[in-house]
Protein chains: 2
Amino acid sequence: MPKKQSTREEILDAIFMLVYINGYNGTSMSMILKECGIPKGSLYHYFKSKKEMVLAVIKERLAPRMDDFYSFSNTQNKHSIDILIDTIIKISQKEQLIKYGCPLNRLNQEMSSIDKDFESAITQIYNHIKEKIILLLHKSNIKKEINIEELSEFVIASIWGALSLSPTQSSKDRYLNTVFYLTNYLKSLKN
Amino acid sequence: MPKKQSTREEILDAIFMLVYINGYNGTSMSMILKECGIPKGSLYHYFKSKKEMVLAVIKERLAPRMDDFYSFSNTQNKHSIDILIDTIIKISQKEQLIKYGCPLNRLNQEMSSIDKDFESAITQIYNHIKEKIILLLHKSNIKKEINIEELSEFVIASIWGALSLSPTQSSKDRYLNTVFYLTNYLKSLKN
DNA sequence: CTTTAATTAGACTGAATGGTCTGTTTTTAA
DNA sequence: TTAAAAACAGACCATTCAGTCTAATTAAAG
């Protein structure tokens, strides 16, 4: 059944972008229908409700995307801090991130309070990327007074913030200028 | 006409909290009516539309609140960096901020893309607090390689991020742990 | 070819949406 | 005291919302 898969996947792609940009409450079924170009019956054949659609989007679109953003190059002898800095800078090349901010942050902010299932799915993704950063940082020597878990949260938070700065005048340079202070600080933590 | 003022002010207070927590699209007129406890006719007597109400909330509630959060004690000989750090820590005492995040960040994220008027009102507030931080930092000596405007944006961004970390398990301690790295870094910039 | 299941199709539903309209009451000023 | 304006009150409106339903079409399996 190749058709079924592809239709379902197209629906998820369309909903992801709509919810990423307009939020959950800002995305109506009619917008989804229009974007997908399919009739209502088809949509509700694959998903039983709007909530189920978006829950699937979180698990099948948001999660892998976040996992990709925070994928660290297995560079052999490079210091973890430098690998992390590379990742932070690499984010500046993803136009969507610069334009619309971190999708995890956006969905979290609006949707965590709407529904427990949303909240737990989003928290799961957050914890996953946090663990990835913790694991990375544990591989190299870092100043002893630093709590790696807390530092990881600080890194995520700072990236979220840097990507949130007024979406109107957002640009690659603006992001890089802002995270320069983050990377600058991270460098000082090497041991 | 004291009554007129107070009714209008009560409406703004109610709408501010509703929009702060639920967002613009997440706040319906019926919720506003219920929260204010007034009939529709009264509401639409003071404001011609939902948009006008929320625009007034941004200008008359959000702006002064943000101005208050970033009000720096005129301590005579204290270093600007230390005054800024005090402010960052003082934020941890505002339960609403810890619980729901920075209202400027929340409204900005959802509403800037909905309407140009929202966007410009929000941007104005952002620029105002940014200028306040820039002004503060210019008063003391800071390492020469630092661009104060960019640093100010980084500070705001990091606070936004720290206040955004999963609203579920948000707490004063979690915030303080996260911004510790920010304050730690800021201290190193004193000259 | 025939049967059965998967998928497409969209008219329709009840509830909720933001907003209007017509009064009535209260307040203010002359 | 009276006229006019401000404020209150809520029934009402068109539209949109998420979701249902029945039927038609297509695809898969025997």
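Below, all heavy atoms of this structure are taken into account, side chains as well, without hydrogens, waters or symmetry copies. The sequence lines fix the lettering, A, B, ..., with proteins before strands; numbering per chain opens at 1.
- At a cut-off of 3.5 Å, with distance as the only test, a side-chain donor of B/Glu153 or B/Tyr126 sits close to an acceptor on the other residue.
- Spacing between atom CD1 of A/Ile38 and atom C1' of C/dA6 amounts to 14 Å, rounded to whole angstrom units.
- Rounded to an integer number of Å, the gap from CD1 of A/Ile32 to C1' of D/dT16 is 14 Å.
- Applying the side-chain contact (heavy atoms from CB on, under 4.5 Å) test to A/Ala121 and every residue at least two apart in sequence or in another chain returns A/Leu55, A/Ile58, A/Lys59.
- With rounding to whole Å, B/Glu9 atom CD is found 12 Å from D/dA7 atom P.
- A close approach under 4.0 Å does occur between a side-chain nitrogen or oxygen of B/His45 and OP1 or OP2 of D/dA7.
- B/Arg61 has a carboxylate O that lies under 4.0 Å from a charged side-chain N of B/Glu9, or vice versa, which qualifies the two as a salt bridge.
- In this structure, the side chain of B/Ser112 does not engage the main chain of B/Gln109 through any donor-acceptor pair within 3.5 Å.
- Cation-pi geometry between A/Lys50 and A/Tyr24 is met: the NZ or CZ atom falls under 6.0 Å from the ring centre, inside 45° of the normal.
- In this structure, CG of A/Asn22 is placed 12 Å from P of D/dC17, rounded to the nearest angstrom.
- What separates CZ of A/Arg8 from P of C/dT8 is a distance of 13 Å, to the nearest Å.
- Here D/dA18 presents its P atom at 15 Å from CD of A/Glu52, a figure rounded to the nearest Å.
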Seminar exercise, completed: B/S/- along nucleotides 10-24 of chain C (protein heavy atoms under 4.0 Å) is BB-----SBBB----
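- Residues B/Glu60 and B/Arg8 are paired through a salt bridge, judged by an N-O separation under 4.0 Å between the basic side chain and the carboxylate.
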